[in-house]
Structure formats: C-alpha cells, structure tokens
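Working notes for the structure below.
All values reported here derive from a predicted model rather than from experimental measurement.
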Amino acid sequence: MSKWNLPAKGGHMEAQDGIYYQNMTTKMLEARLKKNDVLLIPVGSTENHGPSAPYGEDTYLDTRLCELVAEKTGCTVAQPIWYGSHPYHHLGQKGTIMIPEKILADYLAYVMAGFWNTGFRKMIIVNGHGQDYVIPLAIHTFGKKWQVPGIVLYTHFWNCAGEQMFTKDKGGPYDMPFVHADEVEQSWCLELFPEFIHMEDAIKVDKAPLLPPGHINTSAEDGAGPIKWYNAFGSCGMECICQPEGVIGDARMADGKKAEAGIVKTLDYLEKLVNDILEKYPAGELPPIDKMTQRSREDIEAVIKGPTEPGGRHIYTLEY
C-alpha cells in the first residue's frame with residue numbers, strides 16, 4: 001500500500017490550504033519560511049496532446065506531483081509556468097504555445113530572483129516537458145547574474161522514475177517506448193489527474209523517424225541510442241505534418257496502474273530531496289557565502305537580510 005494516496009486528487013490551486021505560494025497571505029508566508037524555505041517551481045507547457053487529454057497535461061503532471069510532495073514535507077509550491085519552450089519538430093503544431101528559448105530562460109531566471117528576494121533561497125524546478133535544453137540555461141543565468149548563495153536544482157521527473165519508464169523487455173511496465181501523449185504519458189495522467197482524461201477518445205498515431213534506429217534515445221532515456229532526442233535536428237518528422245492529431249504512440253493502451261510504481265518512485269525521490277536539503281541547511285540557513293560568491297560580504301549579507309529588515313537590501317541592488 002502506497003503512502004501517496006493515488007490516484008491523486010487536485011483542487012489545491014484555488015485553495016488556501018498551505019500548498020501554493022500565490023494563495024498565501026504575508027502572515028502565512030512569514031510562518032512558513034521559519035519552518036521550511038524550500039520552494040517547488042513547476043515548469044510546464046501548453047501543447048496538443050490529442051483528443052483524449054488536455055492541452056495543460058504537462059503542467060498538471062508537474063503540479064500534481066508537487067502538491068503531493070508539499071503535503072508530505074511542508075514545502076511550498078509556486079503556481080506553475082504554463083507556457084514552455086519546444087523542440088523544432090513541435091513548430092507549428094496547432095494548439096501548442098511556443099515560447100522562444102532565450103525568453104523563457106530569462107523569464108525563469110527572474111522568477112528565481114523574485115522568490116530568492118522573498119525568502120525562498122532553496123528552489124527545486126520540476127518539469128516533465130521536453131525543454132531540458134532551456135532550464136539549465138535559466139539556472140545558470142540566475143547564478144551568474146546575481147551570484148547569491150542558495151540552492152537551485154532541476155529535476156526532470158520522468159528521470160526520477162528510472163526503469164519504471166521502460167518497456168517490459170527492459171524491466172518496465174510498458175508495451176511501447178515512451179514518445180508523446182501515448183501509453184506511457186497517458187498512464188501517468190490517469191493516475192495523477194484522471195478527471196481530465198477521456199479514454200473513450202484515445203487514439204493511436206505512428207511515429208515518423210527519419211533515421212535508422214540505434215542512434216536517438218527515447219523520451220524515457222532507456223538507452224536506445226547515445227543521442228538524446230532533444231539533441232537532434234532532422235531525426236523525426238514535424239508533428240504538424242506527421243502527427244497533427246497530437247499523439248505519437250498508442251494512447252489506447254494507457255492504464256493508471258502501469259504508472260503507479262513510477263509515480264511512487266518519483267514522489268519518494270522528491271520527498272527525499274526536499275528533506276535532505278533541509279537536513280543539510282535548515283530553514284534560514286544557506287551554503288557558505290565565501291564558497292558561492294566573490295561579491296563583497298557586506299553586499300551579500302545585506303540582501304540575505306532582505307529588503308524590509310534593518311540594514312537589509314533587495315536583490316536588485318546587485319543586478320537587474
């Protein structure tokens with residue numbers, strides 16, 4: 001029996017129940033930061049997932065995972081980033097809202113700066129959408145621009161599930177390799193937000209590879225090839241040409257029970273990550289200034305105090 005109460009139930013985004021930052025008052029926030037200053041930032045996307053799943057699927061996958069972890073650990077969740085970056089082959093797909101990489105990276109860096117200034121100096125970005133080439137850029141943009149002590153980590157949650165993302169021949173629960181809006185992804189949706197999924201409308205759409213197998217890895221990163229799928233151009237056909245339906249694979253084969261072990265493994269890891277950060281650096285404590293920045297100690301100590309404390313300053317006095 002899992003401790004995670006799956007299938008998950010939502011509704012937290014519009015509830016003042018201690019999960020989401022945007023739903024808190026200043027008094028509630030002050031109390032939270034004294035106990036737990038870890039923030040989960042869900043970074044999702046809005047894209048076509050076919051006739052049986054919502055456009056916000058990638059975002060809801062993030063938020064439902066984050067909500068469950070926050071309930072267990074007492075950390076806080078930021079309201080999600082709804083619009084993300086997309087690889088070339090998504091270009092032009094109807095219903096998919098694409099944000100240029102540099103714009104998204106800068107946007108995320110400034111989101112981090114704002115939360116750091118507020119008191120959340122330990123941030124975990126949670127993402128399952130194909131934008132791995134953007135989020136590390138955002139993190140290092142934040143680090144280079146402000147050079148303040150803190151912790152910012154990125155978890156691509158599919159990777160947390162490990163072999164539970166693989167096909168049966170590789171020790172996993174699935175019949176077909178993970179691509180997009182297919183057996184794998186829709187199984188996770190059925191376990192995390194079943195109320196949004198319409199299995200009666202599920203369809204199958206074939207892949208459109210443009211290279212022989214053995215080179216390009218799958219979305220599950222199961223070792224099918226040494227080149228990650230997002231490190232390639234010309235390896236597959238464009239979705240708006242080859243899969244305008246929004247599905248690549250067979251969503252009809254989805255079953256929430258196939259996803260349960262992978263979701264539990266992911267949640268267990270995220271819970272451990274939050275708890276390990278707080279064990280090493282309890283609320284209000286940060287990695288050593290002299291190991292993280294060469295800015296003057298006076299400046300850093302002032303921004304750590306924050307903009308409303310005596311002798312404190314806001315982070316934008318360093319850089320904007």
Side-chain angles (χ1 to χ4, degrees), residues 13 20-22 39-49 54-63 65-66 76-118 120-148 150-159 180-181 185 219 227-241 243-244 246 248 303 314-320:
M13 281 199 223
Y20 281 102
Y21 165 82
Q22 281 84 351
L39 180 74
L40 305 181
I41 305 177
V43 180
S45 76
T46 299
E47 67 174 347
N48 191 340
H49 283 88
Y55 288 102
E57 177 174 309
D58 286 358
T59 306
Y60 286 121
L61 286 166
D62 294 339
T63 55
L65 290 169
C66 290
T76 303
V77 183
Q79 291 279 357
I81 308 297
W82 279 101
Y83 304 103
S85 174
H86 293 259
Y88 169 77
H89 60 275
H90 288 193
L91 193 68
Q93 176 72 306
K94 186 177 180 180
T96 294
I97 313 302
M98 303 183 70
I99 305 300
E101 292 75 23
K102 292 180 180 179
I103 292 174
L104 181 62
D106 281 345
Y107 180 83
L108 291 174
Y110 278 87
V111 168
M112 295 175 212
F115 279 121
W116 194 98
N117 193 58
T118 298
F120 289 106
R121 279 81 190 261
K122 300 149 193 171
M123 296 171 255
I124 302 170
I125 296 174
V126 179
N127 165 65
H129 174 61
Q131 50 196 349
D132 294 88
Y133 47 90
V134 179
I135 294 174
L137 173 60
I139 291 173
H140 292 287
T141 297
F142 167 77
K144 293 172 182 176
K145 194 173 186 70
W146 284 283
Q147 301 178 47
V148 288
I151 298 169
V152 183
L153 304 174
Y154 166 41
T155 56
H156 190 98
F157 70 74
W158 298 119
N159 294 340
H180 170 70
E185 189 168 9
S219 297
I227 301 172
K228 295 181 185 294
W229 66 267
Y230 50 84
N231 290 340
F233 170 76
S235 61
C236 63
M238 296 183 74
E239 287 184 7
C240 66
I241 299 170
Q243 297 98 7
I248 308 175
V303 296
H314 60 72
I315 193 174
Y316 309 107
T317 60
L318 300 176
E319 185 73 50
Y320 183 78

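For the atom pair Leu39 CG and Ile151 CD1, the distance stands at 13.0 Å (nearest 0.5 Å). In this structure, CZ on Phe142 lies 12.0 Å from CZ on Phe115, to the nearest 0.5 angstrom. For the atom pair CG of Leu318 and CH2 of Trp146, the computed distance is 10.0 Å after rounding to the nearest 0.5 Å. Interatomic distance, Asn48 CG to Gln243 CD, rounded to the nearest 0.5 Å: 10.5 Å. The structure places NE2 of His49 at 4.5 Å from NE2 of His180, a figure rounded to the nearest 0.5 Å. Expressed to the nearest 0.5 Å, how far NZ of Lys145 lies from OH of Tyr320 amounts to 9.5 Å.
Of all non-hydrogen atoms in Trp229 and Pro87, the two that sit nearest each other are CZ3-CG, 3.6 Å. What you find for Asn117 and Arg121 is that their closest heavy atoms are O-NH2, 4.3 Å. In plain terms, the two heavy atoms of Glu57 and Ala181 that are nearest each other are OE2-CA, 4.4 Å. Taking both residues in full, the closest heavy atoms of Ser85 and Tyr133 are given as OG-OH, 3.3 Å, listed atom of the first, atom of the second, then distance. The two residues Ala113 and Ile315 come nearest to each other via the heavy atoms O-CG2, 3.9 Å. Of all heavy-atom pairs between Ala78 and Pro42, the closest is O-CD, 3.1 Å.
The backbone N or O of Ala232 sits nowhere less than 3.5 Å from a side-chain atom of Ser235 that would complete a donor-acceptor pair. Put simply, the side chain of Thr155 gets close to the backbone of Ile125: a donor and an acceptor are under 3.5 Å apart. Here the side chain of His314 pairs a donor or acceptor atom with the backbone of Thr317 at under 3.5 angstrom. At least one donor-acceptor pair under 3.5 Å links the side chain of Gln22 to the backbone N or O of Gln79. Judged purely by atom type and a 3.5 angstrom limit, Asp58 has no side-chain atom pairing as donor or acceptor with the backbone of Gly44.
Using a 4.5 Å cut-off on side-chain heavy atoms (C-beta onward), Ile135 and Asn127 make contact. Put simply, the side chain of Ile81 reaches to within 4.5 Å of the side chain of Tyr107, judged on heavy atoms. At least one side-chain heavy atom of Leu108 sits under 4.5 Å from a side-chain heavy atom of Val43. With a 4.5 Å cut-off on side-chain heavy atoms, Met112 and Ile139 count as touching.
Judged as a side chain to side chain contact (heavy atoms under 4.5 Å, CB included), and not counting sequence neighbours, the contacts of Tyr83 are Thr46, Ile97, Ile99. Taking Lys102 as the reference, nothing meets the salt bridge (charged side-chain N to carboxylate O under 4.0 Å, His left out) condition, with sequence neighbours excluded.
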Show, in sequence, the C-alpha distance, side-chain angles and deciding distance for Lys94 and Cys240, and conclude whether the side chain to side chain contact (heavy atoms under 4.5 Å, CB included) test is met. CA-CA 7 Å; Lys94 186 177 180 180; Cys240 66; over 6 Å; no
Under the side chain to side chain contact (heavy atoms under 4.5 Å, CB included) rule, what do Leu61 and Glu185 come out as? Steps first, then yes or no, please. CA-CA 9 Å; Leu61 286 166; Glu185 189 168 9; 3.9 Å; yes
Would Leu104 and Gln131 satisfy side chain to side chain contact (heavy atoms under 4.5 Å, CB included), going step by step from the backbone distance to the final call? CA-CA 10 Å; Leu104 181 62; Gln131 50 196 349; 3.5 Å; yes
Assess whether side chain to side chain contact (heavy atoms under 4.5 Å, CB included) is satisfied between Thr76 and Leu40, documenting all intermediate values. CA-CA 6 Å; Thr76 303; Leu40 305 181; over 6 Å; no
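Side-chain contact annotation: His89 with Glu239, donor-acceptor N/O pair under 3.5 Å absent. For the residue pair Asp132 / Tyr154, a side-chain donor-acceptor distance below 3.5 Å is found, with atom types taken as modelled.
Taking the centre of each ring, Tyr55 and Tyr60 stay at or above the 6.0 Å mark.
Using the six-membered ring where Trp is involved, His90 and His129 have ring planes that are tilted, between 30° and 60° apart.
Atom OH of Tyr316 is surrounded by more than 12 heavy atoms from other residues, nucleotides or ligands within 6.0 Å.
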